[in-house]
Amino acid sequence: MSVETEGVRPLGIGAIGVVIALVALPVILPSVTLASEVVVFSVAALSCIFLLGQVGLLSFGQGLFFGIGAYVSAVLLKEHGVGTLPAIAAGSVVACLGAALLGLLAVRRQGVYFVMLTLAFAQMGYFAMLALRDVTGGENGLTGVPRPPLIAGFGALANSGAVYALLATLAFLAYLFVRRVADSPFGSVLRAIRQNEARAEALGYDIRRFKTAAFALAGLLAGLAGGMHTIFLGFAPPNVIELEMSERLVIMAIIGGTGAPVAAFFGAGFYIVMADVLSALWPRWLMLIGFLLIAIVLFLRGGLWGGIAAALRWARDRRHG
Amino acid sequence: MLQRRTLFGAGAGLLAAPSLARAQGDQIQIAGVYSLSGTFANVGDLLNKGTQWAFEHYGTGAGKRINYTLLDDQGDPGRAVRRVQEAMGQGVKHIVGCTLSSIALPVAKEVHARGGVYIHMAGADEATGSECNRASFRWPGASYTAVNATLRPFIERNPNAKRWYTITGQYVFGDSLLSNLKTVLQETGRQHVGNSYHALSEREYSGYITAAIAAQPDVLAVCNFGNQTLDVVRQAVSFGMKRNVKIVVPWSTGLDQFQAWGPDICEGVYFGANYWHGVDAPGNRVLQEVVRAKTNAQTNYLQACGWAVAQMMVEGLNKAGTADVPAVIGALEGLSYQGPTGTEVIRAGDHQVIKDYYLMLGKARSAMRDPADFAEVLAGTKAFQTPEQAGCRMS
């Protein structure tokens, strides 16, 4: 299963599945807040899946854009009395612009050099956060961020259920957005670049421009997730912009599978719920996640979603003889 | 929300928080926020044990049986806040724990916003300064206390130590120690001849140590904590600095660090510490007895810290005679009790515990009376900023 093949299906089937999952999450998980965390990181993982699945770019810098979205939203909410939606939107846009700027540099290199550049950007972002302590709160993070109504005094976020409804709606919109991009002519060119960059260039496409645009869109998604994270927690912790955050998002993407946007929900959900379960069993639970990652890379290259899709195909083939 | 979970997700909910689900009216639910997994698991485990042993020892608070629940924050501030939100959503109002400022500060805000009471052991000055609030209390002294309670008595004992060099971890806590140190040196007429910053990721310090030797100081002060402090001191000693330079570590965790160094390194080095097992005080004797029964060893700082925050909660509950949060907060403010360092008082103005911070001197191996007798206490000082100086405006 890939973004490409999913793109030719009717949008409604996948979308209905995502809606059902989003409605069911707070019911089947032990708490609404756990469901909220899953939804936030699904959007963040979606940014990695978009880049990797659509263009073939492995970025270890998505944590930087997640952090930018989180901090910009937090500062606007705390210091400028902006409504929730404008704050999240501003965080997303700033992250998008940041990604576009850094993308201009990063896409000049390919393969491991591109990866190293994104790693370097992520590290710089962390130290910039520390240097701008008066704005970001430094190592203590930015605490006491309010949750004002959505916009212009309307749409109060009175309880965790209301917060979840907002986050789930935004996650659904992000999912639709990625599917729409994948189905567009722009998405077709991105896939062409992923499959054979030299041939796409020979056909006259400006590879760098397309890659930069994809990097910027992935930054927008990561920034959106960062803003959602700030609303969810009511503060911006320093680890939102740490390198470890970038690694975590890549791990979620690989666990879920990079072939389809819906895999982001599987990857984030599996990682977060497993972290809760495994940490209660063994303090070094991250090692178990490592083993799991190795197993998925070796035996389930399409990730969890790839496995599920293969099982569904197998069942369908059996039914049709 | 609870009803919906009860109806549809009871199984999963009970798996996630079994003790919370069994809460009864004759019990009081107290939660501890510690890093039991992830990067800081080794620290969180000892802190949690101290807290757990204290609640086991006291058994009840305000006449109700204490039901202690651990919330594993996994060393992640976001996860810590989420766990606290969940626990408080299920009715927990009394929360202790957390040594990491990046976790304790947002947890303090969350607990305050949701009408609970929180006692922690975070190191950031802001916890009882600009970020103080009515719901939050802190047991250990922070960087101002560490520097003032270590340097001033050291300077009194070593009037000829005029020239100081510092090696500082480049982050908020290291900078905070350094700026407090510079102030003390200025006020006491000492000369700060140089400083080397190192990154948090560094493990090799020979370049900084040779720079320090070249500056010909009388004193080398290490402004950091944890494993990096261990490595800096170890390498400074191996470079022979102890021969003609006094080494001062304003912030150490005491016994566990001394055990890691061993007496050959500790000998002649000055340390600052929030707790020392050898202090003869009624509260410490109780703590020592419990820990010895559990581990057959001396109490270290982390265990004492975990114990102290739990003891404060119990003392507050007992004084209030009820678990009602405003009453407990009121009872804690100004409370005097026999804690691990002697008589400790919770200052009402900023909710900081006023207690001794120790200047210690490492002993020679031959002078040790037992395997844990690494250092002698030279001074115990209560050095705290006033709430106004700290910038606390209680909300």
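Here is how names work: the chains are called A, B, and so on, in the same order as the sequence lines, proteins then strands, and each is numbered from 1.
No part of A/F127 comes within reach of chain B, as not one of its non-hydrogen atoms sits under 4.5 angstrom from that chain. Proximity to chain B is limited to the side chain of A/E37, based on heavy atoms less than 4.5 angstrom apart. Both the backbone and the side chain of A/L233 come within contact range of chain B, judged by heavy atoms closer than 4.5 Å. Residue A/L278: no heavy atom, backbone or side chain, is found under 4.5 Å from chain B. Heavy atoms of A/N140 lying under 4.5 Å from chain B belong to its backbone as well as its side chain. Residue B/D45: no heavy atom, backbone or side chain, is found under 4.5 Å from chain A. Only the side chain of B/E110 has a heavy atom closer than 4.5 Å to any heavy atom of chain A. With a threshold of 4.5 angstrom between heavy atoms, A/A236 does not approach chain B through any atom at all.
The residues B/K182 and B/D175 are annotated as not salt-bridged, no charged nitrogen and carboxylate oxygen being separated by less than 4.0 angstrom.
Annotation: maximal heavy-atom pairing with chain B below 4.5 Å, among A/G144, A/S36, A/G234, A/G141, occurs at A/G144. Each of A/A275, A/G137, A/P238 has some count of heavy-atom pairs under 4.5 Å with chain B, and the biggest count is that of A/A275. When B/E126, B/E131, B/H112 are compared by the number of non-hydrogen pairs under 4.5 Å with chain A, B/E126 comes out ahead. Counting heavy-atom pairs closer than 4.5 Å to chain B, the top residue among A/R133, A/H229, A/E244 is A/R133.
In this structure a side-chain-to-backbone donor-acceptor pair under 3.5 Å is missing from B/R134 to B/M394.
By the 30° and 60° cut-offs, the orientation of the rings of B/F173 relative to B/W251 is perpendicular.
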Original post:
Under the side chain to side chain contact (heavy atoms under 4.5 Å, CB included) criterion, do A/L22 and A/Y164 qualify, and how do the steps go?
Top reply: CA-CA 9 Å; A/L22 290 172; A/Y164 178 77; 4.1 Å; yes

**OP:** Test B/Y144 against B/Q389 for side chain to side chain donor-acceptor pair (under 3.5 Å), laying out the working first.
**Re:** CA-CA 11 Å; B/Y144 175 91; B/Q389 285 171 330; 4.9 Å; no

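Between A/F41 and A/F66, the gap from one ring centroid to the other is short of 6.0 Å.
Looking only at side-chain heavy atoms (C-beta outward), B/M121 and B/P140 come within less than 4.5 Å of each other. The shortest distance between side-chain heavy atoms of A/F270 and A/L292 falls below 4.5 Å.
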